[in-house]
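Just so you know, these numbers use all the heavy atoms, side chains as well, and skip hydrogens, waters and symmetry mates.
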Amino acid sequence: MRSFRTEFTIDPCPEKVGHSGSLLTIGSCFSEAIGEKLLQSKFDVLANPFGVIYNPISILELLECSLRETPLAEEHYLQSHARFYHFQAHSRLSGTSREDLQVLLEKAQQDTLRHLQASSHLFITFGTAFVFRHVPSNALVANCHKVPQKQFKKELLTLEQMRVAFDRFYKILRQVCPKVQLVFTVSPVRHIRDGISANQVSKSLLRLLCEQLARDYSNVFYFPAYEIMMDDLRDYRFYKDDLIHPNSMAEAYIWEKFQDCFFDRSTQNLVKEIEQIQRSLSHRPFEPLSQQHGVFLRKLAHQIQQLPQRLDFSSELAAITDQLNQIEY
């Protein structure tokens, strides 16, 4: 039979992911997507604590500052439309005052450090090698926050710049979290604002960086999310309407490949059971106060209670109890 896709084998990660440890994801929107999948599967995961961050320098600097317990640069706070932002964080971290934002950023750093110290795996997704330099401060920024373009200069990071930033981060990581497994991915989302050709140059630099790091460090692993999207799923039926972002079908496929790579068989079976329960929890009954739905809810609660106790289903069980209390017997 003729094949209409280019499937390829992905080497399994030697360090498996389990529910007994903590995880941290940071980087582009792929980190967000994988983090959300892990959360739904009841892993202890902190996903993108600083919001979506695209370039390697900013990602590594945020991690390094968190590990060193160093506050983010004072000169990078800014005010726009009655809100305060920071050039090194996503706009979803904002405050009505500089002090409020500083509290949010300090908490994000503390959460990152605490989670890293307990994490078995750190997942980092690089989105682009293009960065913006804030001309007045001569500093690279993670987010321009709609500040006038004339205040920035666009640059393409060199392999050497990214490698120096990683080596500096890795040195402190080994001191604070010596056993953590590093996993790198390159975002499958194309940055077409850079231009198609320029985006390819950017992704090539990121891919080469990941290749060098996986070669030079024994606890660094590369997961080929970019290759899965570009080669295995190279059809627009796997994209959202913008023809840039993977759609739900593509995300589900990459999630399956992710499980094969990082989960052992028992964890995969447990995740399937959890996913079935999550589907049942999202079920919308035709008659929510019927006796029949009450039977369904009690059966669902029993299934949850049979799962390992380390999985936190407390909010779901509370919601089931509230629904059962509304049903008259």
Side-chain angles (χ1 to χ4, degrees), residues 2-13 17 23-41 43 45 47-48 51-56 58-59 90 121-131 156-157 159 162 182-214 220-263 268 271 275:
R2 179 178 296 179
S3 176
F4 292 94
R5 295 206 353 258
T6 309
E7 295 186 70
F8 59 93
T9 301
I10 300 174
D11 292 331
C13 181
V17 172
L23 311 169
L24 191 146
T25 71
I26 188 170
S28 78
C29 43
F30 180 74
S31 285
E32 201 103 329
I34 286 296
E36 183 59 32
K37 291 286 189 184
L38 290 165
L39 282 169
Q40 291 173 358
S41 298
F43 289 91
V45 56
N48 271 4
V52 176
I53 308 293
Y54 296 102
N55 78 80
S58 294
I59 293 168
H90 189 267
H121 293 69
L122 168 60
F123 295 92
I124 301 177
T125 303
F126 296 143
T128 179
F130 280 103
V131 294
L156 180 65
L157 293 173
L159 192 59
M162 295 186 286
L182 278 164
V183 178
F184 285 100
T185 58
V186 173
S187 171
V189 178
R190 292 169 296 161
H191 290 246
I192 61 172
R193 288 184 180 180
D194 298 327
I196 296 298
S197 296
N199 173 73
Q200 288 296 90
V201 172
S202 167
K203 296 291 189 184
S204 297
L205 281 167
L206 299 177
R207 183 62 188 90
L208 183 56
L209 173 66
C210 292
E211 184 69 17
Q212 288 188 359
L213 297 180
V220 172
F221 183 84
Y222 177 73
F223 176 71
Y226 179 76
E227 289 84 347
I228 294 172
M229 197 70 210
M230 293 297 107
D231 293 298
D232 191 347
L233 303 180
R234 56 178 180 179
D235 190 295
Y236 279 115
R237 74 179 184 272
F238 298 114
Y239 287 83
K240 293 181 179 179
D241 291 343
D242 62 6
L243 303 183
I244 298 173
H245 290 84
N247 62 18
S248 58
M249 183 164 50
E251 288 181 351
Y253 182 80
I254 295 174
W255 173 237
E256 289 178 5
K257 296 293 187 181
F258 183 93
Q259 293 185 67
D260 290 339
C261 182
F262 293 102
F263 300 168
Q268 289 191 50
V271 167
E275 288 176 345

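Rounding to the nearest 0.5 Å places CZ of Phe30 at 5.5 Å from CZ of Phe223. Atoms CG and CG, on Leu209 and Leu157 in that order, are 10.0 Å from each other to the nearest 0.5 Å. Rounded to the nearest 0.5 angstrom, Leu159 CG and Ser204 OG are separated by 11.5 Å. The CH2 atom of Trp255 sits 11.0 Å away from the CG atom of Asp260 when rounded to the nearest 0.5 Å. Here the straight-line distance linking atom CG of Leu213 with atom CE of Met162 works out to 9.5 Å at 0.5 Å rounding. Atom CZ of Phe126 and atom CD1 of Ile26 lie 10.0 Å apart (nearest 0.5 Å).
By the side-chain contact (heavy atoms from CB on, under 4.5 Å) test, Lys240 is found to be paired with Asp242, His245, Asn247, residues two or more places apart in sequence or in another chain being considered. A search for side-chain contact (heavy atoms from CB on, under 4.5 Å) contacts involving Asp194 returns Thr128, Phe130, Lys154, His191, Ala198, not counting sequence neighbours. With sequence neighbours excluded, the residues that form a ring-ring contact (aromatic ring centres under 6.0 Å, His included) with Phe221 are Phe262. In this structure, the salt bridge (charged side-chain N to carboxylate O under 4.0 Å, His left out) partners of Arg207, at least two apart in sequence or on a different chain, are Glu211, Glu227. In this structure, Phe8 has no ring-ring contact (aromatic ring centres under 6.0 Å, His included) partners at least two apart in sequence or on a different chain. Applying the side-chain contact (heavy atoms from CB on, under 4.5 Å) criterion to Gln40, with sequence neighbours excluded, gives Glu36, Lys37. For Glu251, there are no side-chain hydrogen bond (donor to acceptor under 3.5 Å, both in side chains) partners at least two apart in sequence or on another chain. Judged as a side-chain contact (heavy atoms from CB on, under 4.5 Å), and not counting sequence neighbours, the contacts of Ala47 are Thr25. Residues satisfying the ring-ring contact (aromatic ring centres under 6.0 Å, His included) criterion with Tyr226, sequence neighbours excluded, are absent altogether. With sequence neighbours left out, the side-chain hydrogen bond (donor to acceptor under 3.5 Å, both in side chains) criterion links Ser41 to no other residue. Every residue two or more places apart in sequence or in another chain that forms a side-chain hydrogen bond (donor to acceptor under 3.5 Å, both in side chains) with Asn48 is listed here: Glu32. Asp235 is linked by a salt bridge (charged side-chain N to carboxylate O under 4.0 Å, His left out) to Arg237, counting only residues two or more places apart in sequence or in another chain.
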Self-check item: Worked check of side-chain contact (heavy atoms from CB on, under 4.5 Å) between Phe184 and Leu206
Solution: CA-CA 10 Å; Phe184 285 100; Leu206 299 177; over 6 Å; no
Exercise. Using the side-chain contact (heavy atoms from CB on, under 4.5 Å) rule, take Tyr54 and Val52 through it: C-alpha gap first, then chi angles, then the decisive distance, then the call.
Key: CA-CA 7 Å; Tyr54 296 102; Val52 176; 3.4 Å; yes
Quiz item: What's the verdict on side-chain contact (heavy atoms from CB on, under 4.5 Å) for Phe238 and Ile228, showing C-alpha distance, side-chain angles and the deciding distance?
Solution: CA-CA 11 Å; Phe238 298 114; Ile228 294 172; over 6 Å; no
Practice problem: Show your working on side-chain contact (heavy atoms from CB on, under 4.5 Å) between Leu156 and Leu205 and close with a plain yes or no. | Solution: CA-CA 10 Å; Leu156 180 65; Leu205 281 167; 3.9 Å; yes
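Proximity of a side-chain donor or acceptor of Lys203 to a complementary backbone N or O of Ser187 within less than 3.5 Å is detected. Ser202 contributes a side-chain N or O that, together with a main-chain N or O of Ala129, makes up a donor-acceptor pair within less than 3.5 Å.
Scanning all heavy atoms of the two residues, the minimum distance from Pro246 to Pro188 falls at CG-CG, 4.3 Å. When every heavy atom of Val186 is checked against every heavy atom of Cys210, the shortest pair comes out as CG2-SG, 4.0 Å. Heavy-atom minimum distance, Gly35 versus Val45: O-CG1, 3.9 Å.
Phe123 is not listed as a side-chain neighbour of Ile34, based on a closest heavy-atom distance of 4.5 Å or more. Contact of the Met229 side chain with the Arg190 side chain is not registered, since no non-hydrogen atoms from C-beta on lie closer than 4.5 Å. In this structure, the side chains of His121 and Phe43 stay at 4.5 Å or more apart for every pair of heavy atoms.
For the residue pair Thr185/Thr125, the side-chain donor-acceptor check at 3.5 Å is satisfied.
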